[in-house]
Amino acid sequence: MKKKLLIRDLTLRDGQQSSFATRMTQKQIDKVLPHYKEAGFYAAEVWGGAVPDSIMRYLNEDPWDRLEKIREGFGGKTKLTALSRGRNMFGYSPYPEDVLEGFNRLAVKGGIDIMRIFDALNDLDNMQTTIDYVKASGGLADCAVCYTVDPLFTFADRVKGMISGKKVPHKIFTVDYFVEKCKKLEKMGADIISIKDMAGLIPPGVASPLTKRLKSEIKIPIDLHTHCTPGYGLACVLVAIVNGVDIVDTVIGNFAGGPAAPAFELVQIFCDKLGIDTGVNLEQVTKINRDLFHIRKELDKFDEMKQFPEEIDLANYTLKNDINALFDKAIDAAKNDRIEETTEICQEIEKAYNFCAPDEIVKAAQIPGGMYTNMLAQLKQLKLDHLLEKVLRTVPRVRLDSGLPPLVTPTSQIVGVQAVYCVVSENKGDEFYSNTSTQFVNLVKGVYGKTPYPIDPDFREKICGTREEIPYDVSQYKKQENPTLPEFEDVRLAKNEKEELLLELFPAVAAGFLKNKREVEYKKMLAEIQAVEEIEIRKIHEEAEKYNQLSTDEKKAILLEGLYNNW
């Protein structure tokens with residue numbers, strides 16, 4: 001009997017978010033749904049993340065409608081999954097329990113089978129109630145630990161720290177750290193454990209021992225999620241597979257690689273050689289990929305890579321001898337823990353199929369690609385992009401000062417923005433932390449939760465005016481207003497619980513979207529009323545015309561009958 005590996009397809013959420021700024025329209029998604037219905041993936045990530053915000057903001061589409069249409073399109077044959085940041089969900093500050101409960105209940109009711117829950121600080125307390133609400137609604141709780149790396153301090157940095165009395169910690173984010181987090185999540189009620197490496201920073205040399213430990217110490221399924229940005233993705237998935245991982249996350253060919261996750265096609269070839277059954281209908285995957293080719297062309301202005309991989313028809317492929325040898329060598333290297341060799345060969349395989357080359361800048365800086373590009377954009381706007389190298393050297397210090405937050409959304413952006421502020425301030429001759437963002441202050445204060453490393457009370461006092469950690473007080477939360485719109489006959493801006501949740505989670509974007517939706521509905525109502533009135537008027541004219549064509553005696557008879565009936 002063949003071994004089994006479950007595949008979570010990320011194409012319709014993480015894939016398009018990573019590569020095309022979440023700009024897939026419902027029409028484009030509808031094009032591939034018939035093939036997805038028959039594709040047989042264990043799960044497909046289709047919602048959450050940037051989807052709700054982006055499709056309202058840029059496409060004028062309703063997130064709840066999208067989920068419903070995708071659910072209908074998949075026909076219950078694949079588990080649908082979404083991404084949520086625990087207590088913070090899609091914003092920065094924590095939400096009150098009624099918002100958390102309502103969102104998760106309606107998401108599961110709307111078609112989400114698996115909610116992937118994470119916290120940007122790996123503060124597990126921020127995940128507990130979301131786990132409870134998802135499970136109470138009948139969904140599966142996929143609990144993710146965010147993978148991150150320790151800051152890169154040079155020897156000079158460490159010496160300087162010793163002189164100034166600022167302690168530079170030894171490694172925090174070890175295999176032990178991640179295993180312990182996962183074990184706690186299992187006890188908290190997780191149904192699946194995911195190692196969530198949204199930046200692609202996990203090297204195969206960590207993925208291998210981490211998978212082994214998790215498989216030996218945890219009873220529930222283990223999922224590996226990573227990206228290809230610095231070039232580790234495919235090798236990480238391979239070493240995880242040979243070490244018994246239960247689920248891997250992939251993206252279909254034309255949306256895969258580069259900033260996205262590894263290509264399903266390459267993972268499937270490895271599985272074929274390893275005698276592993278993914279249960280996926282390979283003919284349908286090829287059909288999806290061909291549709292994605294045309295969709296990607298339609299998304300050209302959002303496609304920064306503009307590098308299309310070679311098509312692999314998985315239902316009917318033959319590997320060239322040299323490529324075949326590369327796959328075999330990679331498997332042998334992975335099985336025997338020759339990690340560096342595994343990585344190099346996997347990169348050769350990706351190159352042979354024209355997937356994007358590793359991003360050497362991201363690899364060297366060990367920061368997410370999005371964080372790097374945001375910092376560069378900030379500096380270019382200020383005409384200070386020559387300071388980029390200094391900003392990159394500053395990131396470890398800012399990160400240490402703020403408690404070593406993992407480099408994931410949104411903490412990676414908070415740290416990146418603050419590093420730019422600090423370097424710009426110094427460049428002006430001002431004090432290093434003379435300009436701080438609200439989000440950085442809140443991070444240091446404790447609003448977002450507990451950081452992995454304790455923040456120096458002196459530093460907290462300097463930045464926030466308090467030495468004590470002050471968590472967010474949800475009792476101070478103010479519910480978003482839901483006004484009536486007099487211009488549309490006093491209809492409410494949000495007409496039901498789903499729309500009220502959109503207002504709570506995405507206030508500015510949802511307000512504009514919902515007002516536009518009410519306007520469209522109002523104009524449609526007026527058009528329908530006008531159409532009915534026109535029909536009635538036409539009927540009156542037709543009756544009048546018929547009456548005029550009657551003889552005098554017929555008209556008298558009708559009038560007398562009317563008088564008699566009234567009497």
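This is a predicted model, so every value here is computed, not measured.
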Please name the pair of heavy atoms, one in Asp191 and one in Leu140, separated by the smallest distance, quoted to 0.1 Å.
-> OD2-CA, 3.4 Å
Between the side chain of Asn122 and the main-chain N/O of Cys146, is any donor-acceptor distance below 3.5 Å?
-> yes
Report the relative orientation of the aromatic rings in Phe74 and Tyr36; use parallel for angles under 30°, tilted for 30 to 60°, perpendicular for over 60°.
-> tilted
Determine, for Asp125 against Lys450, whether the closest basic-nitrogen to carboxylate-oxygen distance falls under 4.0 angstrom.
-> no
Is the ring centre of Phe20 less than 6.0 Å from the ring centre of Phe255?
-> yes
Would you call Asp223-Arg116 a salt bridge at under 4.0 Å N-O?
-> yes
Would you check if Pro309 and Glu265 make a side-chain contact, meaning some heavy-atom pair closer than 4.5 Å?
-> no
Please confirm whether the backbone N or O of Gly110 pairs with a side-chain atom of Glu68, one donor and one acceptor, at under 3.5 Å?
-> no
For Tyr448, does its backbone N or O pair with a side-chain atom of Asn126 as donor and acceptor, under 3.5 Å?
-> yes
How are the rings of Phe506 and Phe90 set relative to one another: parallel (under 30°), tilted (30 to 60°) or perpendicular (over 60°)?
-> tilted
For the residue pair Pro63 and Leu502, establish whether any side-chain heavy-atom pair is separated by less than 4.5 Å.
-> yes
Evaluate the side-chain proximity of Phe264 to Ile7: yes if any heavy-atom separation is below 4.5 Å, no if none is.
-> yes
Heavy atoms, side chains only, cut-off 4.5 Å: are Ile70 and Ile29 in contact?
-> yes
One should read off an interatomic distance between Phe41 CZ and Ile288 CD1, to the nearest 0.5 angstrom, of 5.5 Å
Does Tyr421 have its ring centroid less than 6.0 Å away from the ring centroid of Phe440?
-> no
Answer yes if the side chains of Glu61 and Thr25 hold a donor-acceptor pair under 3.5 Å, and no otherwise.
-> no
Counting distance only, does the side-chain N/O of Asn254 pair as donor-acceptor with the main-chain N or O of Asn289 below 3.5 Å?
-> yes
Output for pair (Ile117 CD1, Leu124 CG), nearest 0.5 Å, gives 11.5 Å
Work out which heavy atom in Gly111 is nearest to a heavy atom in Leu80; give both atom names and the distance.
-> O-CB, 3.5 Å
Nearest atoms (heavy-atom pairs only) where Ala256 meets Val251 | CB-O, 3.4 Å
Should the pair Lys306-Asp300 be classified as a salt bridge under the 4.0 Å nitrogen-to-oxygen rule?
-> yes
Between Phe103 and Trp47, is the gap from one ring center to the other below 6.0 Å?
-> yes
Test item: Thr411 side-chain N/O and Pro406 main-chain N/O as donor-acceptor pair under 3.5 Å | yes
Any chance you could measure Leu407, atom CG, to Ile367, atom CD1, to the nearest 0.5 Å?
-> 7.5 Å
Compare every heavy atom of Glu499 with every heavy atom of Leu493, then report the nearest pair and how far apart it is.
-> O-OE1, 4.0 Å
Glu45 and its salt bridge (Lys or Arg N to Asp or Glu O under 4.0 Å) partner, picked from Lys196, Arg8, Lys79, Arg13 = Arg13
Do Thr229 and Asp359 meet the criterion of a side-chain donor-acceptor pair at a distance under 3.5 Å?
-> no
For the side chain of Gln418 and the backbone of Ser437, is there at least one donor-acceptor N/O pair under 3.5 Å apart?
-> yes
Could you check if a side-chain atom of Ser402 sits within less than 4.5 angstrom of a side-chain atom of Thr451, using non-hydrogen atoms only?
-> no
Which heavy atom of Met305 sits nearest a heavy atom of Cys356, and at what distance?
-> CE-SG, 3.3 Å
With no hydrogens and no angle check, is any side-chain donor or acceptor of Gln413 less than 3.5 Å from a backbone partner on Pro410?
-> no
Report yes or no: does Thr436 contribute a side-chain atom to a donor-acceptor pair with the main-chain N or O of Val441 at less than 3.5 Å?
-> no
Which atom of Arg518 lies closest to which atom of Ala494, heavy atoms considered = NH1-CA, 4.2 Å
Return yes if some donor-acceptor pair links the side-chain N/O of Asp277 with the main-chain N/O of Lys4 below 3.5 Å, else return no.
-> no
Looking at NZ of Lys135 and OG1 of Thr130, how far apart are the two atoms once the value is rounded to the nearest 0.5 Å?
-> 13.0 Å
If you round to the nearest 0.5 Å, how far is OG1 of Thr22 from CD1 of Ile55?
-> 10.0 Å
Report yes if some heavy atom in the side chain of Leu100 is under 4.5 Å from a heavy atom in the side chain of Met89; otherwise report no.
-> yes
Got Lys515 and Glu487 here, is their nearest side-chain heavy-atom distance under 4.5 Å?
-> yes
Go through Arg296 and Asp303 one step at a time and tell me if the salt bridge (Lys or Arg N to Asp or Glu O under 4.0 Å) criterion holds.
-> CA-CA 8 Å; Arg296 182 170 175 178; Asp303 184 356; 2.7 Å; yes
Looking at Arg105, Lys109, Arg492, which hits salt bridge (Lys or Arg N to Asp or Glu O under 4.0 Å) with Glu497?
-> Arg105
Sort out for me which residue in Lys287, Glu283, Gln284 forms a side-chain hydrogen bond (donor to acceptor under 3.5 Å, both in side chains) with His35.
-> Gln284
Answer whether the closest heavy-atom distance between the side chains of Gln378 and Val424 falls below 4.5 Å.
-> no
Is there a donor-acceptor pair closer than 3.5 Å between any side-chain N or O of Gln381 and the backbone N or O of Ala377?
-> no
